[in-house]
Amino acid sequence: MNDPSILGPGAVDPLVALRPWEAPEVTSWGRLPMNAVDRRSGVLPLDGDWRFQLLSAPDAPVGGAWSSAYVPGVWTLQGTDDLPQYTNVRMPFAEFPPHSPAANPTGVYEREADVPAEWAGRRIVLRVGAAESVLLVHVDGRPVGISKDSHLAAEFDLTGLVRPGSPATVRLTVVKWSDASHIEDQDQWWHGGITRSVLLYATDPLYLADVTVRAHHSGELRVDCQVRSAGGALPAGWHLTGELDGQLLVQDGEFDRFNAEDERVSDFLGEARLQTTVPEVRTWNAETPELYDLTVLLHRADGTIADTSRHRIGFRDVEIAGRDLLINGERVFIRGVNRHDFHPLTGRTVSYDDMRADLVLLKRFGFNAIRTAHYPNDPALYDLADELGFYVVDEADIESHDHAHEIADDPRCLNAFVDRVSRMVLRDKNHPSVIIWSLGNESDYGANHDAAAGWVRRHDPTRPLQYEGAAKLDWAATDDASDIACPMYAPLEDCVAHALSGRQTRPLIQCEYSHAMGNSNGTLADHWAAIEATPGLQGGFIWEFWDHGILQRVSDGRPAGRAGAGLYDNGVAAPGYRWAYGGDFGESHHDGAFIADGMVFPDRTPKPAMYEHREIAAPVRIECFRHEGIVLGNHQHFRGLDWLAGEWRLDLADGTTLTGPAELPNLRPGETAAVPLPFEVPHDGGEAWLTLRVTVAEEQPWAPRGTEMCVPQIRLRGPAVAPDVPVDRQVEVDGEGLLLHPLLTAAPTLSLWRAPTDNDELGGMAGRWRTWGLDALVRKVVSVRRNAGRLTVEAEYAGTTGVVRHRQVLTPVEGGVRVDEEAELPEAFDDVARVGTVFETAAGLDLLEWFGQGPWESYPDRSAGAPVGHHGVPVDELFTPYLRPQESGGRHGVRRFRLSAPDATGLWVTLDEPRQVSVTRYRAEDLASARHHDELVPRPGCVVHIDAAHRGLGTASCGPDTSPSYLVAPGIHRWSWTLRVL
Ligand code: IPT
């Protein structure tokens, strides 16, 4: 980056000469200390188009040809040839730490900043919101500073370097690969650029240097304010005041001076306190996030204001008592999710509105906690978490996954560890939402962690600290860098056993669990049943919120970037576009679709697993049905039920639905009460289900009135059996014993396979199925026997390592044909995807109506969120467009269904008992052979699966498989169904 135009001929740039990209000891140079003073007003924003050039290496010469790049943004999504790359654990380059590759894309950003004339005499500061991974700063050709730590801001004092009233040339050089990349080895896309806003601000030379708020749920408030003077003593009469929701706070005592009281020391660093006790304080918690406005004012002797910092604060306490994590003395459940800063068009640059939309969605789906995986998130995220109500585990930007062992104990990285953790704490300490600090992710455990832990425990004793890498060595240890046992993907049985062992010493809250890759999150409800029933277990953080698909043009493989706005809907990219995952940008070194493992699609459309979570987190639940009525319970920690409204719905098997208003009793948290039903339950009508539809009654900052919060349900009556009446008619079959039917284009045959889910593939099941030949069973008819109107077809389905005997008995019944089936699986097929029937229908049957669980997709081990009822969904909307096509669209517990054309013709199927059913436009092999959704060609008719048994989904792509009760056993399976024409 030797640039004679600004440095003079032959000059060597000292920032480049230092080669800071291969110097782990150098975490910064010239960078100001991190602090929590609010600098949102009176700033000069420098966002927008900057002159830009991409060098091949940080020491390559800067040329004369400039293009432009938008700030904030990553250049990898802005038309350069340096494209995004996805790797998980392994580094994208071969060099060992602290080295980086010689080919090292380096972005040079430059623009003029018009420093306001009225800033004369003031202290002028440049803030770069975030840059990855090394930032070099020059102003008017002069070196100003260096910063690493890609997800926190870097500030530099430009006073004396720039002239108010004149433009200054700001150059920001961003080196993509460095020693720091080795400790930013998170499971996400690699990008390069400036990802958060750049601005200038000015202060009085005597200014607020930091503000530390301690607000307890007792109402006690202490605000410690540091004041610094950049070149003078504190003049007499200068003082602090504060305002708390309009109430005046006055400075308590004199300034404590931190630096020498020696006349030769010309600057001043001191601290003073504001304090008060708020009577009848409204405390902060994630359910009722009460905030107070606090303004800290630094006054000159004449009372004029020299500096101001505004905060929204919450009165709350976090403590660990025994093995319980308490918020304001309450043991709360942590219903968390891991969230990255992500956007499908702009990468790691996220807008305030996008972050707000993330959090609003999470609130509506019952989440109350976020782990900022795996770095400090955009500052606005914490403001939103304070306001909307989330418990935040704030995580430092440290993940050295590929070289974890060397780095955790490498003294050259000691500074980086302490720097990254302490800067996060200094920035975020005043947020009531932040309840736990995290030392980072997947970085082994070494002395560098203990150093950082020591710093945090000294600086902020008001919050616990967690680090998975420390606690995993012994969940019961009491002397490591973690106050919480926070495993990842631990088997549920191990968590329960630990809690029951008598050895537990600290809360157990999984930092990652229930890996949401593709069609996943099996057994989530079982987890929560155990968590709620087991003292010592308090919840966890689902991995993760986002599918990080980048919107990509299919024609040339380029990222759509900001021009892609609006080119997606309902989780699906517009024609000509797709959601890119690892490998789609031509990378030879990548980890494929492992980047698509979220609860929402890249456009934030919720996946069906979100509804599962919503129900598991239901604030109000039906406990049981007793003579006196339905017993309801309040499952919140702090709130009554007054903000909610309810409506009863009764679904009878005969299709009758009754509704009526529900009076929700104003229960305190943990209370239950019986409530009457507004209608009589009819005495007959077979199966009967009662559902309470709970909605928001009082508008919430995150939900308008009427937003559905949960649909708890209870079965009031079991099914009544209505036998089919055999009739005297013939059933038609072809020469192979396959049913002939005018509406079926493929006759019902046996199916044991599904398009492998990501869990099936990565958990090894799909490989076994292929070895067994389940994806290409060869059917051979053995016998066709007719007995009166009834036809018995015996067949064998041969895989490569076993044969399945199958019998179909076809009986003409009133209105149609009854199909009784039996399949006998050899012992060798001890874990198949499904045992059931598949057939295909003629085109035109586009609406599915069913009585069973819905309306969302559900599977045997993920069916808590889909209530039983009468549902209707167009066939095209039944399918969930997981980024890598796979088994999708299933509905659990289906008792009967109709598949009809707009003129109401079609077919009608009743099942012997609640079964797993799917109706899509795709055969399993169509799905299994596609890499992306846009490659799928919908069939005109429907592919219908009716399963006697369907394997659970589990989470084996990263973590435990489904539990044994959701596996499909070998041996004999029987099922029957009746097909009628409408
Ligand atoms: C774990 C990581 O912490 C997380 O970043 C993500 O990679 C997740 O798994 C899987 O998607 S690490 C894993 C090897 C246990």
Side-chain angles (χ1 to χ4, degrees), residues 85-92 150-151 181-190 336-342 348 370-377 393-405 407-408 438-445 449 466-473 482 484-491 494-495 509-522 524 540-549 581-583 590-600 602 607 609 757-759 761-764 882-884 953-961:
Q85 177 178 5
Y86 164 56
T87 65
N88 177 12
V89 176
R90 55 200 170 145
M91 289 296 291
S150 294
H151 296 88
S181 308
H182 292 283
I183 49 177
E184 295 178 359
D185 179 21
Q186 289 102 356
D187 176 16
Q188 58 175 342
W189 292 101
W190 293 97
V337 73
N338 282 279
R339 181 191 166 283
H340 273 278
D341 279 341
F342 169 79
R348 277 190 267 290
I370 291 169
R371 174 174 176 237
T372 67
H374 297 302
Y375 42 79
N377 285 184
V393 172
D394 201 5
E395 187 150 284
D397 193 356
I398 301 176
E399 175 163 344
S400 58
H401 217 150
D402 202 7
H403 299 283
H405 193 59
I407 289 176
S438 163
L439 297 180
N441 186 56
E442 294 277 350
S443 303
D444 211 311
Y445 181 32
H449 289 104
Q466 76 173 48
Y467 178 53
E468 182 269 339
K472 77 174 173 193
L473 303 175
S482 193
I484 294 172
C486 45
M488 44 173 70
Y489 312 106
D494 293 4
C495 297
I509 301 169
Q510 292 218 53
C511 71
E512 294 176 20
Y513 82 111
S514 199
H515 194 244
M517 183 176 186
N519 192 354
S520 186
N521 304 97
L524 191 60
F541 295 81
I542 289 177
W543 186 267
E544 65 172 311
F545 182 55
W546 287 109
D547 266 0
H548 302 215
Y581 54 78
H590 65 83
D591 286 301
F594 212 62
I595 192 69
D597 52 0
M599 298 288 279
V600 300
K607 291 184 180 174
T757 63
D758 293 310
N759 291 326
E761 285 292 358
L762 297 171
Y882 296 111
L883 263 57
R884 193 189 65 76
L953 299 167
T955 61
S957 53
C958 183
D961 192 2

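Remember, it's 1-based here, ligands and their atoms both numbered in the order they're listed. All values reported here derive from a predicted model rather than from experimental measurement.
- Near Phe594, with a cut-off below 4.0 Å to any heavy atom, the atoms of ligand 1 are 10 (C), 11 (O).
- At least one heavy atom of His401 lies less than 4.0 angstrom from ligand 1.
- For Asn338, no heavy-atom contact with ligand 1 is shorter than 4.0 Å.
- The closest donor-acceptor contact from the side chain of Tyr445 to the backbone of Tyr467 lies at 3.5 Å or more, if one exists at all.
- Remark: the backbone N or O of Cys511 is paired with a side-chain donor or acceptor of Asn338 at under 3.5 angstrom.
- Not a single donor-acceptor pair under 3.5 Å links the side chain of Arg348 to the backbone N or O of His340.
- Distances below 4.0 Å separate heavy atoms of Met488 from the following atoms of ligand 1: 3 (O), 15 (C).
- Every atom of ligand 1 is numbered from 1 in the order shown, and the set under 4.0 Å from a heavy atom of His515 is 10 (C), 11 (O).
- Without hydrogens or angle criteria, Glu184 side chain to Ser150 main chain gives a donor-acceptor distance under 3.5 Å.
- Residue His374 approaches ligand 1 through these ligand atoms, each under 4.0 Å from one of its heavy atoms: 3 (O), 4 (C), 5 (O).
- Among all protein heavy atoms, the one lying closest to atom 8 (C) of ligand 1 is Tyr489 OH, 3.3 Å.
- Side-chain N or O atoms of Thr955 include one that pairs as donor or acceptor with a backbone N or O of Pro960 at under 3.5 Å.
- Heavy atoms of Gln186 found under 4.0 angstrom from ligand 1: none, in either backbone or side chain.
- Judged by distance alone, with hydrogens and angles left aside, the side-chain atoms of Arg90 form a donor-acceptor pair with the main-chain N or O of His590 at under 3.5 Å.
- The nearest protein atom to atom 2 (C) of ligand 1, hydrogens excluded, is given as Glu512 OE1, 3.3 Å; this is a heavy-atom distance.
- Residues Leu953 and Asn519 share a closest heavy-atom pair of CD1-OD1, 3.4 Å.
- In this structure, the side chain of Ser520 engages the main chain of His515 through a donor-acceptor pair within 3.5 Å.
- Protein heavy atom in closest approach to atom 12 (S) of ligand 1: Glu442 OE2, 3.1 Å.
- When atom types are taken as modelled, the side chain of Asp758 and the backbone of Ser957 share no donor-acceptor pair closer than 3.5 angstrom.
- The closest protein non-hydrogen atom to atom 7 (O) of ligand 1 is Asp187 OD2, 2.4 Å.
- Heavy atoms of Glu544 found under 4.0 angstrom from ligand 1: none, in either backbone or side chain.
- If you number the atoms of ligand 1 from 1 as listed, the ones under 4.0 Å from a heavy atom of Asn441 come out as 2 (C), 3 (O), 5 (O).
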